[in-house]
**Q** 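Have a look at the structure that comes next, please.
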Amino acid sequence: MKLSRRMILQGAGSLPFAVASLRAGALAQSAPAAALPLDPPPPILFVHGNGDYDALWMTTMWRMESNGIARDRMAAINFTDPNARSDDKVEQANRSSTEDQRRELSAAIAELKRRTGASRVALVGSSRGGYAIRNVIRNGGVGDVSHAVLCGTPNHGVFATEDQPNNEFNGGGTFLRGLNEGESEVTPGVAFLTLRSDGMDKYAQADGRFIGKPGTPTGVTVAGPELKGATNLVLGALDHREVAFHPRAFREIYKFIAGREPARIAILAEPSVRLSGLVTGTPGGAPTNRPVAGATVDVFRVDADTGERKGNAVHSTKTGADGRWGPAQVDPAWTLEFVLTSPDAPTTHIYRSPFPRSSDVVHLRAARPLGPADKDAGAVLIMSRPRGYFGVPRDVVLFDGKEPADVKPGVPTDSAATLRLPASEVGRNIVAQFGEERIVARLWPASENRIAIAELTY
């Protein structure tokens, strides 16, 4: 059954980004009518993608909580080394193999089952996370899993060629051929759903320009994330990450697992918010989810219009061996600045919109070191969107009143933009705007090895 635009608007609730990026004629099909409501739904384990971390699922978990899913019936895995190896069979420092991820995900499933007493759990994966999900299910985990939702997973590869046979992203390689063999590409006994974009996923493109080979056919298409035997939904002009983290994606994830429409898409605010998380680093330049000890986290309440601090820190922590910071008690209306002082990294000032609900996955990773491109800058500010890319002209994206010069138009490919300004600008406030989310950050002196980040939540 095709969904009308009116139906999608009604299902989208009041969130500002719910319908902005859908194109007419590219709307999703409904999940099968045979899906029966489950009360309560199975516990849900969220699985992040390549180079990412569990904190990306924070807004999805908030929406789940706002629909009555208990927080203790959800979990999000944090893979130790989230980046894939170039060759799955060859060890690489701070990178993981498909077997590494299968093993860690199997342990996380067992822990969630133990904690909840459930016999089976639902798995929801973004991008590479879908590979780990399929690998677990296919290799002995079918009895542990009731539902598998794969969001933007390049199930037939980012490319499909005869070279690089051990690259897990090669649709013609050993790993994906093994997962896709057979008349059906899904494992019987588990309900499978795939969510994909209608042309805006940079990893589902026929031309190799987004993998550094412009003009070279990749051997894959926009339908690459679909699987024979699964329910396959098209979410319109959402990008590679949005098909997992956008409100539109949330609706389909919830509906498929719970067997009914969510009561709301909007996130319900809590009267008091408790925040905590993990400090991680980038040893050797590779992002990892390994804890960083000896880091200091200071949390300040700031003015939403100026970015200026309102008094002293409302929370201060020094991390131990587990890398954990917090908990910090804040008001759901407060705009915040997190100052992360981490060994061998720039002091990082992270500006965030108000947190409407509590979370224990407010993870902090220090900014990358100042490099050659920053040598003449008096101040460096990064605008970051972890849960999606900047689509120009699809989205309203303004950085200090202008569209960022380093965001490429067309298919969304960039999740960060950088401003480098002279020392005379230090102390000035800069507005980072995406849709209706607006963050005001302050410029800090690069001469003191400081970088500021305006980190978007939506």
**Q** Which pair of heavy atoms, one from Pro332 and one from Pro271, lies closest together, and at what distance?
**A** CD-O, 3.5 Å
**Q** Could you report the tightest heavy-atom contact between Phe399 and Ala417, atom names first, then the distance?
**A** CE2-O, 3.6 Å
**Q** Checking Lys402 against Val397 for the side chain to side chain contact (heavy atoms under 4.5 Å, CB included) test, could you report, in this order, the C-alpha distance in whole Å, the side-chain angles of both residues, the deciding distance, and whether it holds?
**A** CA-CA 8 Å; Lys402 302 174 185 176; Val397 188; over 6 Å; no
**Q** Please report the closest heavy-atom contact between Ser342 and Ala366, naming both atoms and the distance.
**A** CB-CB, 4.2 Å
**Q** Report, as yes or no, whether the 6.0 Å neighbourhood of atom NZ on Lys213 holds more than 12 heavy atoms from other residues, nucleotides or ligands.
**A** no
**Q** Just checking, any donor-acceptor pair under 3.5 angstrom between side chains of His48 and Asp54?
**A** no
**Q** How far apart are the closest heavy atoms of Ala313 and Asp298, and which atoms are they?
**A** CB-CB, 4.5 Å
**Q** Would you please say whether a donor-acceptor pair under 3.5 Å links the side chains of Glu437 and Ser353?
**A** yes
**Q** Can you tell me how far apart CZ (Arg85) and CG (Asn167) are? Round to the nearest 0.5 Å.
**A** 12.5 Å
**Q** Is a donor from one side chain sitting under 3.5 angstrom from an acceptor on the other, for Asn170 and Arg177?
**A** no
**Q** Would you please say whether a donor-acceptor pair under 3.5 Å links the side chains of His349 and Arg442?
**A** no
**Q** For Val220 and Val158, which heavy atoms make the closest approach, and how far apart are they?
**A** CG2-O, 3.5 Å
**Q** Work out which heavy atom in Arg102 is nearest to a heavy atom in Asn135; give both atom names and the distance.
**A** CB-ND2, 3.6 Å
**Q** Is any NZ, NE, NH1 or NH2 atom of the basic residue among Asp144 and Lys113 found under 4.0 Å from an Asp or Glu carboxylate oxygen of the other?
**A** yes
**Q** Any non-hydrogen side-chain atom of Thr80 less than 4.5 Å from a side-chain atom of Thr288?
**A** no
**Q** To the nearest 0.5 Å, tell me how far Ile44 CD1 sits from Leu123 CG.
**A** 10.0 Å
**Q** CG/Leu443 to CZ/Arg450 distance, rounded to the nearest 0.5 angstrom?
**A** 13.0 Å
**Q** Donor-acceptor pair, Glu252 side chain versus Arg248 backbone, under 3.5 Å?
**A** no
**Q** Could you give me the CA-CA distance, side-chain angles and deciding distance for Ser316 and Val299, then say whether side chain to side chain contact (heavy atoms under 4.5 Å, CB included) is met?
**A** CA-CA 6 Å; Ser316 294; Val299 183; over 6 Å; no
**Q** Stepwise, does the side chain to side chain contact (heavy atoms under 4.5 Å, CB included) test hold for Asp303 with Lys310?
**A** CA-CA 7 Å; Asp303 187 286; Lys310 292 188 170 184; 3.8 Å; yes
**Q** Where does the angle between the aromatic ring planes of Tyr254 and Phe250 fall among parallel (under 30°), tilted (30 to 60°) and perpendicular (over 60°)?
**A** tilted
**Q** For the backbone of Val292 and the side chain of Thr319, can you confirm whether one donor and one acceptor N or O come within less than 3.5 Å of each other?
**A** yes
**Q** Asn180 side chain to Leu176 main-chain N or O, any donor-acceptor pair under 3.5 Å?
**A** yes
**Q** Got Val121 and Pro42 here, is their nearest side-chain heavy-atom distance under 4.5 Å?
**A** no
**Q** Would you say that Arg385 contacts Asp239 through its side chain, given a criterion of any heavy-atom pair below 4.5 Å between the two side chains?
**A** yes
**Q** Might you confirm whether atom NZ of Lys408 has over 12 heavy atoms from other residues, nucleotides or ligands at distances under 6.0 Å?
**A** yes
**Q** For the backbone of Leu275 and the side chain of Ser359, can you confirm whether one donor and one acceptor N or O come within less than 3.5 Å of each other?
**A** no
**Q** Donor-acceptor check, side chain of Asp100 to backbone of Ser97, threshold 3.5 angstrom: yes or no?
**A** yes
**Q** Output the distance between atom CG (Leu56) and atom OG (Ser127), rounded to the nearest 0.5 Å.
**A** 11.0 Å
**Q** Tyr53 vs His363 aromatic rings, parallel, tilted or perpendicular, using cut-offs 30° and 60°?
**A** tilted
**Q** Check whether the ring centres of Phe169 and Tyr203 lie less than 6.0 Å apart, and answer yes or no.
**A** no
**Q** I'd like to know if the side chain of Arg71 and the backbone of Met74 have a donor-acceptor N/O pair within less than 3.5 Å.
**A** yes
**Q** Report yes if the side chains of Arg264 and Asn67 come closer than 4.5 Å at any heavy-atom pair, otherwise no.
**A** yes
**Q** Any chance the side chains of Asp163 and Thr161 put a donor and an acceptor closer than 3.5 Å?
**A** yes
**Q** Taking the six-membered ring for Trp, are Trp334 and Phe355 closer than 6.0 Å centroid to centroid?
**A** no
**Q** If you count every heavy atom of other residues, nucleotides or ligands that lies below 6.0 Å from Asp344 atom CG, does the total exceed 12?
**A** no
**Q** Quick one: OG on Ser358 to CE on Met58, what's the gap to the nearest 0.5 Å?
**A** 11.0 Å
**Q** Hey, does Ile350 have a side-chain heavy atom less than 4.5 Å from the side chain of Arg352?
**A** yes
**Q** Within the distance-only criterion (no hydrogens, no angle test), does the side chain of Lys202 pair as donor or acceptor with the backbone N or O of Thr413 below 3.5 angstrom?
**A** yes
**Q** Side-chain contact test, heavy atoms from C-beta onward, threshold under 4.5 Å: evaluate it for Ser415 versus Arg241 and give yes or no.
**A** yes
**Q** Can the ring centroids of Tyr131 and Phe175 be said to lie less than 6.0 angstrom from one another?
**A** yes
**Q** For Thr347, is there any backbone N or O sitting under 3.5 Å from a side-chain donor or acceptor partner on Asn449?
**A** no
**Q** Is the shortest distance from a Lys or Arg side-chain nitrogen in Glu337 or Arg301 to a carboxylate oxygen in the other one below 4.0 Å?
**A** no
**Q** Donor-acceptor check, side chain of Asp207 to backbone of Gly215, threshold 3.5 angstrom: yes or no?
**A** yes
**Q** Please report the interatomic distance CE(Met64) to CH2(Trp57), rounded to the nearest 0.5 Å.
**A** 9.0 Å
**Q** What I want to find out is whether Glu242 reaches Arg387 closely enough, with some N-O distance under 4.0 Å, to be called a salt bridge.
**A** no
**Q** Please answer whether the main-chain N or O of Ala84 pairs with a side-chain N or O of Arg95 as donor and acceptor at a distance below 3.5 Å.
**A** yes
**Q** Does the side chain of Arg365 come under 3.5 Å of the side chain of Thr280 through a donor N or O and an acceptor N or O?
**A** yes
**Q** I want to check something: taking the side chain as every heavy atom from C-beta on, are Ile453 and Leu381 in contact at a cut-off of under 4.5 Å?
**A** no
**Q** Tell me, do Asn94 and Arg290 make a side-chain contact under 4.5 Å, heavy atoms counted?
**A** yes
**Q** Between Val149 and Phe256, does the side chain to side chain contact (heavy atoms under 4.5 Å, CB included) criterion hold? Intermediate values first, please.
**A** CA-CA 8 Å; Val149 182; Phe256 188 74; 3.9 Å; yes
